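Every heavy atom of this structure was used, including side-chain atoms; hydrogens, water molecules and symmetry mates were not. This one's a predicted model, so the numbers in the text were calculated from it and none came from an experiment.
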Amino acid sequence: SRVPVDPDRTRYRVASISKLFTATAVMQLVEQNKLDLNADVNTYMGGFRIAPTYPEPVTLGNILTHTAGFDDRSLGIGAPLSQMVEPLGEYLAKSMPPRVLPPGKMFAYSNHAFGLAGHIVESVSGQEFNTYVKANIFDRLGMSQSTFGVPYPVPQDIAVPYFKGGEEGGFTRTELDRMRFGPAGDLITTAGDMAPFMMAQMNHGTLVEQSILQPATVDTMQARHFVQVEGLDGWAYGFMEGRHNGIRWIGHDGAWLGFCSQLVLHPETKSGFFVAYNADCHFTASAPIRNGLFDLLWPSR
């Protein structure tokens with residue numbers, strides 16, 4: 001329909017960029033001594049347990065660096081928008097993939113593990129995950145257009161998701177849906193709302209007079225905590241890292257049916273960028289934008 005994007009109103013599902021908010025929520029509770037990144041996650045869970053498949057337990061530190069060792073699972077992770085989905089803990093209790101690798105040894109990206117981190121936030125805080133994040137991150141930063149999950153009634157300003165191929169300008173529209181492991185990928189937000197979160201992360205956890213994390217916690221969150229082999233990119237807590245034009249950046253990508261996004265930060269210069277579009281991720285579409293922004297913000301020395 002060629003409706004122009006309004007950065008302050010047009011909402012996108014940013015998929016796995018959601019994990020940065022889940023990691024931030026975990027780190028807030030670590031600050032309050034309610035969570036220990038090195039403790040067995042079973043310490044904090046009710047209703048079900050992670051099996052002792054290996055001698056070493058799964059920790060939140062493992063989860064935040066994708067080294068918990070869970071198998072992958074994709075079937076059944078979404079549901080039609082018209083269908084109500086079960087509570088997060090109930091879903092994970094019956095659908096958590098098995099452990100197939102010892103923790104802390106091997107990178108294995110896991111949406112379900114980040115769903116588990118969100119469930120632990122619920123268990124420890126006593127609040128449903130969406131409620132906790134709204135009170136402790138969104139409201140503090142003025143992110144009034146952001147929700148975890150598609151709100152009801154569905155706002156008119158959510159971008160229509162498309163996938164490539166079809167008779168509508170070379171695309172076919174698809175439907176919004178529900179995601180069962182919300183903390184791993186169900187953030188709906190705008191570019192205008194992402195900006196204060198990015199600025200807080202680059203300003204030692206504070207935006208104007210509102211703080212979401214203490215400076216030492218931000219430093220810990222953004223530092224490298226795992227690399228598979230020296231010379232490769234590693235992982236901070238929630239943040240992936242990379243190198244481009246001679247600088248180390250941190251951030252995250254996001255991909256879900258009909259949506260694609262990328263967030264990149266360079267805290268040393270307090271600069272970064274966020275890109276989102278309402279179509280499936282295609283490297284040929286996003287790479288020129290990403291490379292152009294790198295060259296603009298951080299030219300090769």
Quiz item: Any chance the side chains of D193 and Q145 put a donor and an acceptor closer than 3.5 Å?
Solution: no
Self-check item: Within the 6.0 Å centroid threshold, strictly below: F273 and F294
Solution: yes
Self-check item: Flag, side chain of S146 to backbone of T189, donor-acceptor distance under 3.5 Å
Solution: no
Exercise. Say whether S261 and Y277, considering side chains only, have a donor N or O and an acceptor N or O under 3.5 Å apart.
Key: no
Practice problem: Evaluate the criterion side chain to side chain contact (heavy atoms under 4.5 Å, CB included) for residue pair L81 and R178; output intermediate values, then yes/no. | Solution: CA-CA 5 Å; L81 198 62; R178 300 202 182 279; 3.9 Å; yes
Practice problem: Measure up the F21 and F197 rings against each other and bin them: parallel (under 30°), tilted (30 to 60°), perpendicular (over 60°). | Solution: parallel
Quiz item: Donor-acceptor pair, S95 side chain versus L92 backbone, under 3.5 Å?
Solution: no
Self-check item: Donor on one side chain, acceptor on other, Q127 and E122, under 3.5 Å
Solution: no
Practice problem: May I ask you to decide if V160's main-chain N or O and N278's side chain share a donor-acceptor pair within less than 3.5 Å? | Solution: yes
Quiz item: Can you tell which of V124, I137, L29 makes a side chain to side chain contact (heavy atoms under 4.5 Å, CB included) with Y132?
Solution: L29
Exercise. Could you tell me whether the side chain of Q228 and the main chain of G234 form a donor-acceptor pair under 3.5 Å?
Key: no
Quiz prompt | H244/W249 aromatic ring centres below 6.0 Å | solution = no
Self-check item: Audit row: E56, K105, salt bridge (charged side-chain N to carboxylate O under 4.0 Å, His left out) steps and yes/no
Solution: CA-CA 11 Å; E56 307 88 354; K105 305 296 184 184; 5.6 Å; no
Quiz item: Does any N or O in the side chain of S125 come within less than 3.5 Å of the main-chain N or O of V121, such that one atom is a donor and the other an acceptor?
Solution: yes
Quiz prompt | Main-chain N/O of F70 paired to S110 side chain as donor or acceptor, under 3.5 Å | solution = no
Quiz item: Going by an N to O cut-off under 4.0 Å, is there a salt bridge joining K164 and D280?
Solution: no
Self-check item: Pair T59-N38, side-chain donor/acceptor within less than 3.5 Å
Solution: no
Quiz item: Can you list the residues that meet the side chain to side chain contact (heavy atoms under 4.5 Å, CB included) rule with Q83, with sequence neighbours excluded?
Solution: A79, P80, R180
Practice problem: Dump the intermediate steps for side chain to side chain contact (heavy atoms under 4.5 Å, CB included) on E128 and N130, then the final yes or no. | Solution: CA-CA 6 Å; E128 189 260 348; N130 301 2; 3.2 Å; yes
Quiz item: Is there a donor-acceptor contact under 3.5 Å linking the side chains of T24 and Q201?
Solution: yes
Quiz item: For N42, does its backbone N or O pair with a side-chain atom of R49 as donor and acceptor, under 3.5 Å?
Solution: yes
Practice problem: Indicate yes or no for a side-chain donor-acceptor contact from T65 to the backbone of G61 under 3.5 Å, with no hydrogens or angles considered. | Solution: yes
Self-check item: Common cluster, M221/F226, ILVMFWY with side-chain heavy-atom separation under 4.5 Å
Solution: no
Practice problem: Before giving the answer on salt bridge (charged side-chain N to carboxylate O under 4.0 Å, His left out), spell out for R13 and D177 the whole-Å C-alpha distance, their side-chain angles and the decisive distance to 0.1 Å. | Solution: CA-CA 10 Å; R13 172 175 269 152; D177 58 0; 2.6 Å; yes
Exercise. Step by step, work out the side chain to side chain donor-acceptor pair (under 3.5 Å) result for D157 and T10.
Key: CA-CA 5 Å; D157 49 19; T10 307; over 6 Å; no
Exercise. Mind running salt bridge (charged side-chain N to carboxylate O under 4.0 Å, His left out) on D233 and R243 for me, showing each step along the way?
Key: CA-CA 8 Å; D233 297 332; R243 292 194 174 273; 5.9 Å; no
Quiz item: Have E168 and Y162 got a donor and an acceptor in their side chains that come within less than 3.5 Å?
Solution: yes
Practice problem: Decide yes or no on ring-ring contact (aromatic ring centres under 6.0 Å, His included) for F163 and F171, but give the supporting numbers first. | Solution: CA-CA 6 Å; F163 59 89; F171 291 85; 9.0 Å; no
Exercise. Look at R248 together with E268 and state whether they make a salt bridge at an N to O cut-off of under 4.0 Å.
Key: no
Quiz item: Do other residues, nucleotides or ligands put more than 12 heavy atoms under 6.0 Å from the CD atom of Q32?
Solution: yes
Quiz item: Are the side chain of Q214 and the backbone N or O of A216 linked by a donor-acceptor pair below 3.5 Å?
Solution: no
Quiz prompt | Residues E230 and R224 bridged, charged N to O under 4.0 Å | solution = yes
Quiz item: Would H252 and F239 count as a close aromatic pair, with their ring centres under 6.0 Å?
Solution: no
Quiz item: Taking N291 for the side chain and A287 for the main chain, is one N or O donor matched with an acceptor at less than 3.5 Å?
Solution: yes
Quiz item: Side chains of T43 and D40: is there a donor and an acceptor less than 3.5 Å apart?
Solution: no
Exercise. Start with the C-alpha distance between Y12 and I188, add both sets of side-chain angles, then the distance that settles side chain to side chain contact (heavy atoms under 4.5 Å, CB included), and finish with yes or no.
Key: CA-CA 5 Å; Y12 295 86; I188 311 290; over 6 Å; no
Quiz item: Side chains of Y109 and K19: donor-acceptor distance under 3.5 Å anywhere?
Solution: yes
Quiz item: Between the side chains of S16 and W256, does any donor sit under 3.5 Å from an acceptor?
Solution: no
Quiz item: Hey, are Y91 and H112 close enough side-chain-wise for a donor-acceptor pair under 3.5 Å?
Solution: yes
Self-check item: Residue pair T131 / K134, side-chain donor-acceptor N/O under 3.5 Å
Solution: no
Quiz item: Which class fits the ring pair W235 and F107: parallel under 30°, tilted 30 to 60°, perpendicular over 60°?
Solution: parallel
Quiz prompt | Sub-6.0 Å ring centroid separation between F114 and H119 | solution = no
